[in-house]
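Everything below concerns the one structure shown next.
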Amino acid sequence: MDESNQWCFACGKDNPIGLKLEFIEDEDSYSTTFIAGPEHQSYDGIMHGGLISTILDEVMVRYLYAKGFTAVTARLEVRFREPTPIGEKLTIRAAIQSQRGKLYEVRGKMTLPDGTVTAEGKATVAVVEDTHHDDTEK
């Protein structure tokens, strides 16, 4: 990760109040895990929807960073399917669905260990800079 991004709320290692998410690219998807604590809740025992949205946004957009693009969220939709409990390991996974020019549609899911989907996201992500370099180009 670029040193200038170390204060990112979701993934920055230098942000003392950040989530410090770490990511894994696996074939055609990108994922992270997270266990929400009491400081991440809204109602007792339930994770705050804004933080759920933040994590879904981060895994979806950061997938394009992992592929060598600088990208930003142009649109974000989140569907909350089930309450997301505090204290359980969550897996958040994203996959690119389509591309049209510099716009990508990326979908994400947040799941509990038993496979229950607690939230789904859909993002339109705009590439603002292609930093991906093909070694065959001169």
Side-chain angles (χ1 to χ4, degrees):
M1 176 188 295
D2 184 315
E3 286 301 314
S4 65
N5 292 321
Q6 292 302 308
W7 277 85
C8 172
F9 175 73
C11 66
K13 301 301 178 212
D14 292 341
N15 189 330
I17 63 166
L19 303 176
K20 296 178 178 49
L21 299 174
E22 295 182 7
F23 302 88
I24 298 169
E25 187 170 3
D26 182 26
E27 301 209 10
D28 293 330
S29 69
Y30 199 63
S31 66
T32 189
T33 59
F34 184 72
I35 299 173
E39 67 276 18
H40 302 118
Q41 68 185 356
S42 57
Y43 299 109
D44 285 344
I46 304 299
M47 188 172 171
H48 192 283
L51 290 175
I52 292 168
S53 300
T54 297
I55 295 171
L56 282 165
D57 180 52
E58 185 73 11
V59 75
M60 290 187 290
V61 178
R62 200 167 186 287
Y63 192 14
L64 291 174
Y65 273 90
K67 294 195 168 296
F69 300 106
T70 299
V72 295
T73 306
R75 174 177 283 172
L76 175 64
E77 297 174 33
V78 177
R79 181 169 180 207
F80 301 98
R81 299 182 62 86
E82 297 285 337
T84 302
I86 297 297
E88 288 197 43
K89 185 177 181 179
L90 304 168
T91 299
I92 307 90
R93 185 174 306 280
I96 296 169
Q97 299 297 301
S98 64
Q99 176 193 3
R100 192 172 76 221
K102 291 187 173 196
L103 294 177
Y104 287 77
E105 181 180 301
V106 185
R107 294 196 182 245
K109 285 186 180 179
M110 179 176 283
T111 58
L112 296 172
D114 70 2
T116 300
V117 176
T118 65
E120 296 176 314
K122 180 171 100 172
T124 301
V125 181
V127 171
V128 294
E129 181 181 350
D130 182 350
T131 55
H132 185 266
H133 301 288
D134 186 330
D135 290 339
T136 62
E137 293 179 7
K138 298 284 182 205

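Of all heavy-atom pairs spanning Trp7 and Pro16, the tightest one is CZ3-CD, 3.5 Å. Closest of all the heavy-atom pairs between Ala66 and Tyr30 is CB-CE1, 3.6 Å. Taking each heavy atom of Ala71 and Val125 in turn, the nearest pair found is CB-CG1, 3.5 Å.
In terms of the salt bridge (charged side-chain N to carboxylate O under 4.0 Å, His left out) criterion, Arg75 has no residue partners (sequence neighbours excluded). Scanning for side chain to side chain contact (heavy atoms under 4.5 Å, CB included) contacts around Asp28 gives an empty result, with sequence neighbours left out. Every residue was checked against the salt bridge (charged side-chain N to carboxylate O under 4.0 Å, His left out) condition with Glu82, not counting sequence neighbours, and none meets it. Contacts of Glu88 classified as salt bridge (charged side-chain N to carboxylate O under 4.0 Å, His left out), with partners at least two apart in sequence or in another chain: none. Under the side-chain hydrogen bond (donor to acceptor under 3.5 Å, both in side chains) criterion, Glu25 pairs with Lys67, not counting sequence neighbours. Residues satisfying the side-chain hydrogen bond (donor to acceptor under 3.5 Å, both in side chains) criterion with Thr91, sequence neighbours excluded, are absent altogether. The side chain to side chain contact (heavy atoms under 4.5 Å, CB included) test applied to Ala95 returns Gln97, not counting sequence neighbours.
Two residues are said to be in side-chain contact when any heavy atoms from C-beta on lie closer than 4.5 Å; Pro85 and Leu112 meet this criterion.
No side-chain donor-acceptor contact under 3.5 Å links Arg81 and Thr118.
The distance from the CZ atom of Phe23 to the CZ atom of Arg62 is 5.0 Å, given to the nearest 0.5 Å. Between the CD1 atom of Ile96 and the OH atom of Tyr63 there is a distance of 5.0 Å, given to the nearest 0.5 Å.
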Atom pairs and distances, donor-acceptor, side-chain atoms in residues 101-110, under 3.5 Å, two or more places apart:
unit_1: Tyr104; atom_1: OH; unit_2: Gln99; atom_2: NE2; d: 3.2
unit_1: Glu105; atom_1: OE2; unit_2: Arg107; atom_2: NE; d: 3.2
unit_1: Glu105; atom_1: OE2; unit_2: Arg107; atom_2: NH2; d: 3.2

Indicate every side-chain donor-acceptor pair of residues 33-57 with a distance under 3.5 Å to a residue at least two apart or in another chain.
unit_1: His40; atom_1: ND1; unit_2: Gly37; atom_2: N; d: 2.9
unit_1: Gln41; atom_1: OE1; unit_2: Gly45; atom_2: N; d: 2.8
unit_1: His48; atom_1: ND1; unit_2: Gly50; atom_2: N; d: 2.8
unit_1: Ser53; atom_1: OG; unit_2: Gly49; atom_2: O; d: 3.0
unit_1: Thr54; atom_1: OG1; unit_2: Gly50; atom_2: O; d: 2.8
unit_1: Asp57; atom_1: OD1; unit_2: Thr73; atom_2: OG1; d: 2.6

Would Thr111 and Thr116 count as a side chain to side chain contact (heavy atoms under 4.5 Å, CB included) if you check the C-alpha gap in whole Å, the side-chain angles of each, and the deciding distance to 0.1 Å? CA-CA 5 Å; Thr111 58; Thr116 300; over 6 Å; no
Derivation of the side chain to side chain contact (heavy atoms under 4.5 Å, CB included) call for Met60 and Leu76: CA-CA 10 Å; Met60 290 187 290; Leu76 175 64; 3.5 Å; yes
Passes side chain to side chain contact (heavy atoms under 4.5 Å, CB included), Cys11 versus Glu58? Steps please. CA-CA 8 Å; Cys11 66; Glu58 185 73 11; 3.2 Å; yes
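Hydrophobic clustering (side-chain heavy atoms under 4.5 Å, transitive across Ile, Leu, Val, Met, Phe, Trp, Tyr) groups Ile92 together with Phe9.
In this structure, Val72 belongs to a hydrophobic cluster whose other members, linked by side-chain heavy atoms under 4.5 Å apart, are Val128.
In terms of modelled atom types and a separation under 3.5 Å, the side chain of Thr32 and the main chain of Glu22 share a donor-acceptor contact.
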